[in-house]
There are 2 protein chains.
Amino acid sequence: MKPMTFSEENYLKTIYHLMSLHPEGVSTNSIADKMETKASSVTDMLKKLSEKNLVSYKRYQGVLLTDSGLHEAKMIVRKHRLWEVFLVEHLDFKWDEVHDIAEQLEHIQSEKLIDRLADFLGNPTQDPHGDPIPDADGKIAKTEKQLLSELKVGEKAICVGVKDSSSEFLKYLDKQQISLGTTIEVLEKEDFDQSLHIRTKQGEVVVSQKIAGNLFVRKG
Amino acid sequence: MKPMTFSEENYLKTIYHLMSLHPEGVSTNSIADKMETKASSVTDMLKKLSEKNLVSYKRYQGVLLTDSGLHEAKMIVRKHRLWEVFLVEHLDFKWDEVHDIAEQLEHIQSEKLIDRLADFLGNPTQDPHGDPIPDADGKIAKTEKQLLSELKVGEKAICVGVKDSSSEFLKYLDKQQISLGTTIEVLEKEDFDQSLHIRTKQGEVVVSQKIAGNLFVRKG
DNA sequence: ATAAATTTTTAGATTTGTCTAAAAATAAAA
DNA sequence: TTTTATTTTTAGACAAATCTAAAAATTTAT
Ligand SMILES: [Mn+2]
Ligand SMILES: [Mn+2]
Ligand SMILES: [Mn+2]
Ligand SMILES: [Mn+2]
């Protein structure tokens, strides 16, 4: 695989993420929305990526990654998440500060670098937000997890990830002293707005349906 | 300072390096040579950098960095050299492998990242090739050093840097078991070709004038 | 000082990635 | 099944960075 431009890499990564929501095909507009660009620009790039056999594209039909496109996308995600681990574990960044820097670092081209970095970090399988890190072959360790909002009253679980990893949400969790590994018990669910009363090591708090719908937990 | 493109940054860095050889003004052609591009492209970029007050440029007159251009250039060099330290000290890269990767990493934009990285590395003042690392204010610790070729017969010195840091030269030094910190004693100088007989911890070797002219030492 | 050689700049073209506006295809509604 | 609305693609323009070829300025040599 010859070197790709930043732009090509960003498109592949975006298509990869959108494919997990729409495995049957990713629409031009959804790509444009996510990348904050115009549909016409997307069409141009899809032709280019198709030419390079990174996506399978037929006009008006939506797009899917080919095997080689999928592998490239995973390698970009791998780099992104490994760098996030590095920033948090070794440079004392907080989990809400690392994404934008990783957006840059994910484009650094060097197999040796990323393999050495992975070794240095102890070959982690999760990033600071609980997202899985593909290995050098693209294999991804699956972990069972569900949304906090899916728990029933009385159930206990451990926080293992976030669905929304925006800085705003992460800072909210910090304020509530909820982080990966935090044990959460569902005490009560309000029928009116689906808000949850939960108990953490820190005490009892109420979280909205929106919060509970963006926090991944594993029953323990 | 608003964000610069990679290209702008590379021009600034090149001008910075060339200014140490030609403090009176850097020629268009010398920039083109070093960057392996065309003089006409250089002229275009000089106009752009001049517009941004990063260089002082008058046509046909050569170019110099302004104060703000100098500072920007030093920050890029700082990033380059800090990343080289990271790669060698923490990811087990050899000193001949780090330059190309640092060429990419030097463009990552984040003050916080580079300050944290410097702290993580223990705020080093030298990179793996013995080159000085500017601090966050652009200050550079001067160290007295001279070329091995300038030593007289009988003098002893410590290897403290390389003038040429090409992979080829660095690998040659590895083969001769010469690295930063190696003590060198000049045993004899051939009048015919200026080659030197030197003694290192490893024994006695002969090095050409070209080698001796690319190795910095400090008399100890 | 004039001519020749070199350096530098301009003029115009190219590539990449983007945009707007309009046309074409598809999907939804009546 | 037409009509209407939405999505997607095309056509054409633009900015950034590059290139080639030619013109202009400077330097060197005669
Ligand atoms: Mn991220
Ligand atoms: Mn992440
Ligand atoms: Mn270097
Ligand atoms: Mn170096």
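Protein chains get the first letters and strands the later ones, always in sequence-line order, with residue 1 at the start of each. Since the model is a prediction, treat every value here as computed from it, not as a measurement. Atom set for the values below is all heavy atoms of this structure, side chains included, hydrogens, waters and symmetry mates excluded.
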Which residues in residues 100-109 of chain B have a heavy atom closer than 4.0 Å to any atom of DNA chain C?
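Within this stretch, nothing sits under 4.0 Å of the strand.
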
I need the residues from residues 26-37 of chain B with at least one non-hydrogen atom less than 4.0 Å from DNA chain C; give them sorted by number, or say none.
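Contacting residues: B:Ser27, B:Thr28, B:Asn29.
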
Can you tell me if A:Ser40 touches the phosphate of C:dC19, counting only side-chain N or O atoms and a distance under 4.0 Å to OP1 or OP2?
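No, because none of the side-chain N or O atoms of A:Ser40 sits under 4.0 Å from OP1 or OP2 of C:dC19.
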
Look at B:Ser41 and D:dT18 and indicate whether a side-chain polar atom (N or O) is within less than 4.0 Å of OP1 or OP2.
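No, because none of the side-chain N or O atoms of B:Ser41 sits under 4.0 Å from OP1 or OP2 of D:dT18.
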
A:Arg59 or A:Lys38: which one's nearest nucleotide on DNA chain C is closer to the 5' end?
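Upstream on the strand: A:Lys38.
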
When you check the gap from the basic side-chain N to the acidic O, do B:Glu111 and B:Lys79 get nearer than 4.0 Å?
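No, no charged N to carboxylate O under 4.0 Å.
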
Looking at B:Glu144 and B:Lys219, is any side-chain nitrogen of the basic one under 4.0 Å from a carboxylate oxygen of the acidic one?
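Result for this pair is no, no salt bridge flagged.
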
Return yes if some donor-acceptor pair links the side-chain N/O of A:Thr28 with the main-chain N/O of A:Thr43 below 3.5 Å, else return no.
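Answer holds: no.
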
Can you list every salt bridge (Lys or Arg N to Asp or Glu O under 4.0 Å) pair that touches residues 113-126 of chain B, not counting sequence neighbours?
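Every salt bridge (Lys or Arg N to Asp or Glu O under 4.0 Å) pair that includes a residue of residues 113-126 of chain B, provided the two are not neighbours, is B:Arg78-B:Asp115.
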
Heteroatom pairs (N/O) under 3.5 angstrom, protein to nucleotides 14-17 of chain C:
residue: C:dG17; atom: OP1; partner: A:Thr5; partner atom: OG1; Å: 2.9
residue: C:dG17; atom: OP1; partner: A:Lys48; partner atom: NZ; Å: 3.0
residue: C:dG17; atom: OP2; partner: A:Lys48; partner atom: NZ; Å: 2.0

Show the atom names and distances, to 0.1 Å, of all donor-acceptor pairs under 3.5 Å that link a side chain in residues 120-137 of chain A to residues at least two apart or in another chain.
residue: A:Asp127; atom: OD1; partner: A:His129; partner atom: N; Å: 2.7
residue: A:Asp127; atom: OD1; partner: A:Gly130; partner atom: N; Å: 3.1
residue: A:Asp127; atom: OD1; partner: A:Asp131; partner atom: N; Å: 3.0
residue: A:His129; atom: ND1; partner: A:Glu84; partner atom: OE1; Å: 3.1
residue: A:His129; atom: NE2; partner: A:Trp95; partner atom: O; Å: 2.7
residue: A:Asp135; atom: OD1; partner: A:Asp137; partner atom: N; Å: 2.8
residue: A:Asp135; atom: OD1; partner: A:Gly138; partner atom: N; Å: 3.0
residue: A:Asp135; atom: OD1; partner: A:Lys139; partner atom: N; Å: 2.9

Hey, could you give me each pair passing ring pair (Phe, Tyr, Trp, His ring centres under 6.0 Å) that has a residue in residues 45-81 of chain A? Not counting sequence neighbours.
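Passing the test, one end in residues 45-81 of chain A: A:His80-A:His99.
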
Review item, nucleotides 1-3 of chain C N/O atoms under 3.5 Å of protein N/O:
none

Would you say the side chains of B:Ser27 and B:Asn29 form a donor-acceptor pair under 3.5 Å?
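No, because no side-chain N or O of B:Ser27 sits under 3.5 Å from a partner of the opposite role on B:Asn29.
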
Listed by chain and number, what are the ring pair (Phe, Tyr, Trp, His ring centres under 6.0 Å) partners of A:His107, not counting sequence neighbours?
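Residues passing ring pair (Phe, Tyr, Trp, His ring centres under 6.0 Å) with A:His107: A:Phe6.
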
Grab the [atom1]-[atom2] distance between [X] and [N] for me, whole Å please.
X       : N      : atom1 : atom2 : result
B:Lys47 : D:dA15 : NZ    : P     : 17 Å
A:Leu46 : D:dT7  : CG    : P     : 16 Å
A:Gln61 : D:dT9  : CD    : C1'   : 13 Å

Please indicate whether B:Lys34 has more than 12 foreign heavy atoms, meaning atoms of other residues, nucleotides or ligands, lying under 6.0 Å from its NZ.
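Yes - once you tally the heavy atoms of other residues, nucleotides and ligands closer than 6.0 Å, there are more than 12.
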
Could you check whether atom CD of A:Glu24 has more than 12 heavy atoms from other residues, nucleotides or ligands sitting under 6.0 Å from it?
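Yes, because the 6.0 Å sphere around CD of A:Glu24 holds more than 12 heavy atoms from other groups.
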
Tell me, please, which residues at least two apart from [X] pass side-chain hydrogen bond (donor to acceptor under 3.5 Å, both in side chains).
X        : result
B:Gln146 : none
A:Lys48  : A:Glu8
A:Lys112 : B:Glu97

Polar atoms only, N or O, under 3.5 Å: list the protein pairs with nucleotides 22-24 of chain C and their distances.
residue: C:dA24; atom: N3; partner: A:Tyr60; partner atom: OH; Å: 3.4

With a 4.5 Å limit on heavy-atom distance, are the side chains of B:Asp193 and B:Gln209 in contact?
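B:Asp193 vs B:Gln209: side chains apart.
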
Measure the acute angle between the ring planes of A:Trp83 and A:Phe86, then classify it against the limits of 30° and 60° as parallel, tilted or perpendicular.
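Rings of A:Trp83 and A:Phe86: perpendicular, over 60°.
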
Taking all non-hydrogen atoms of both residues, which atom of B:Gln109 and which atom of A:Gln104 are closest, and how far apart?
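So the minimum-distance heavy-atom pair works out to N-OE1, 2.7 Å.
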
